[in-house]
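Reminder, nothing fancy here: chain letters follow the sequence lines and each chain counts from 1.
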Number of protein chains: 2
Amino acid sequence: MKKEVTTLKKIAQILEISISTVSRALNNHPDISHETSKKVKDLARKLHYMPNMFAKGFRQHKTNIIGVIVPNILSYFISTILKEILLQAEVNGYRVIISETNNDVKKEKEMLHTMLQFGVDGILMSLSKNTVNVDPILHALNQKPLILFDKVSNKIPCTQVIIDGEEATFNAIEHLINIGKKRIAIIKEFEQSYNSERRFQGYLRALKTNNIPIDKKLIVSTHDISLKKGRSLTSQLISLKEKPDAIFCITDAAAIGAIQTLKKFNIKIPEDIAVIGFSNSLNSTIVEPKLTTLDQPGKRIGEIAMNCLVTEIEEPKEHLTIKTIEIKTNLIIRESTLLSI
Amino acid sequence: MKKEVTTLKKIAQILEISISTVSRALNNHPDISHETSKKVKDLARKLHYMPNMFAKGFRQHKTNIIGVIVPNILSYFISTILKEILLQAEVNGYRVIISETNNDVKKEKEMLHTMLQFGVDGILMSLSKNTVNVDPILHALNQKPLILFDKVSNKIPCTQVIIDGEEATFNAIEHLINIGKKRIAIIKEFEQSYNSERRFQGYLRALKTNNIPIDKKLIVSTHDISLKKGRSLTSQLISLKEKPDAIFCITDAAAIGAIQTLKKFNIKIPEDIAVIGFSNSLNSTIVEPKLTTLDQPGKRIGEIAMNCLVTEIEEPKEHLTIKTIEIKTNLIIRESTLLSI
DNA sequence: AAACATAACGCAAACGTTTGCGGTAACGTT
DNA sequence: AACGTTACCGCAAACGTTTGCGTTATGTTT
């Protein structure tokens, strides 16, 4: 199992030169003659020399590891982001440690601590659902570059990368209005959800802009949005005296639940009630009718977040970088809002 | 940004004792008096002491990092495994570095190299689709504990954790036979896919056991199984003179494609043609009719793989551990095979 | 009282790498 | 001939931690 490991020392001994020369040769230091440089490199290759990352990281206080903390790895959207983060990390010569909080604030704090202790060069993080005390994060931010994505908080002064949910929702609602819908319901989360709240703002603005009165009965909220909640809240909506003629859900899962319930009660989609989701998840094209939804470009988020982080790591500023990058998104129109006129 | 960092040295200076004593105190070495031990620990806490992992790993040649290499992180099944790996890693005090190969053999080799160079304590790996040259993996296996899961190869002498696809498929096919199906088609991958091949063996055995002749026209293969391929291969199947009365797909995605095509041609599911998939993915309950499928307990795989690896790391043997752990799975019967008799 | 055991701690080396500084030789310049 | 320059290389310290061994003081046994 154990293998003889080649070090600079060994190479130096064989070649009868000093360790420093070997080190410099391998790092292309100009002080080394082309001849020795070549000898060293050849031997290093032959002996399968691998620099000991620990000695290296130990010396130069740089680990080339980036920590990523997300609530739930099972989410397709998150996976998309992770995929791109991994790619960009590789391109930039970093490795990635991933941790999951499962929306547990205590764990979130622990993971943050572990990562710092481990000496990551920077942190990419998506907050868990009920992070109220941001002190641990501020503390981390004080030590290493940290960037928030998707699930963010305006209480934390750092670079944040998010989807422009406000405008996205605005467009989606206007699309519903354009196809003649007037009683547009929304299924959302409670106020503490940043994303939900922004989407709700877009909903309100679209209605206001188009002079449609706001009916509080058409605004329903839940703590844990899901397919099941989509179903139950939809039952609630269609039992109203004045039914909605469209339902906007801040999540594809909820939208699919809505569709299932509507079909169960033989309500025609989109003629009677149109449905829009949010995410452009895989399921949105499997469900029938296919779901109109808002694309969530996870790739872009991952790409931007990672590149911002690398910049902050490699070009450290005196003061914290505070900026919010909002990524525009597209409405993908499918059968659930496609009126065949 | 930079923060004063507390080291053993600093604590030692303040307390006017030696560094070794501080180290031992924090590591609960018996040589240290309870009194000093307490003083040290108190001060350490007060100064937010964090052991420098690099100095530590450097000293004891142990990183407490485990490398995970998978073909594609976007797969729900893989995500499930990863989720459990992360959990078990945390429980056992390890951190996890994840890399994606995207089924690129060259990248696979690189990742392996990087991980070894980085000094991971062990590797968990799922092979990419077309890994033929296993030398790099053998080389890695020679240096550190390595365990394969899901996508494995019998050319590599190590612990392997897989789903018992043979028996699973056998059960699925027998289920089809039990509901009266006789011309059972299979949509699979070409021979080089280990998993596909094992499932195919189960298919053959089930037919043989039940004295059903094998019709080669009902066996279709592809290199890249997917939803689209599920569609096209199904069109191919239903254009046969003697149509199948059931289709078994080695993948949920392909099965959903099959369902879509069957519906398009107004073929009744399951009366005319029944469909079974493999994975119990999220989509399998969204599609209509809901898909009968085989559960893939990713959680179990992740759990077992991780625990085996930890054992191999912490209790090293002289010889390589060679064993294959096959996890049984359940048939989940849903509408796509539910004949309402 | 001598010999020994024990508890508690310090010394110093070691892990593999990087790097500032200094040194040597060879050459070119006045 | 004396000096400056350049190219190339080695010495040794440093990073923070662990650990074998040595040391001291104290207590215990004969």
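- B:Glu90 has a carboxylate O that lies under 4.0 Å from a charged side-chain N of A:Lys107, or vice versa, which qualifies the two as a salt bridge.
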Given protein heavy atoms under 4.0 Å, the one-letter contact record of nucleotides 8-16 of chain C, with B base, S sugar-phosphate only and - none, is simply BBBBB-BBB

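- OP1 or OP2 of D:dT17 has not a single side-chain nitrogen or oxygen of B:Ser23 nearer than 4.0 Å.
- Between the C1' atom of D:dC8 and the CG atom of A:Asn28 lies a distance of 16 Å, rounded to the nearest Å.
- When atom types are taken as modelled, the side chain of B:Asn64 and the backbone of B:Gly93 share a donor-acceptor pair closer than 3.5 angstrom.
- A salt bridge does not link A:Asp42 to A:Lys39: none of the charged side-chain nitrogens sits closer than 4.0 Å to a carboxylate oxygen.
- Judged by distance alone, the side chains of B:Asn195 and B:Asp150 do bring a donor and an acceptor atom under 3.5 Å apart.
- Using a cut-off of 4.0 Å between Lys/Arg side-chain N and Asp/Glu carboxylate O, A:Glu84 and A:Arg300 are scored as not salt-bridged.
- Counting to the nearest Å, the P atom of C:dG20 and the CD atom of A:Gln60 are 12 Å from each other.
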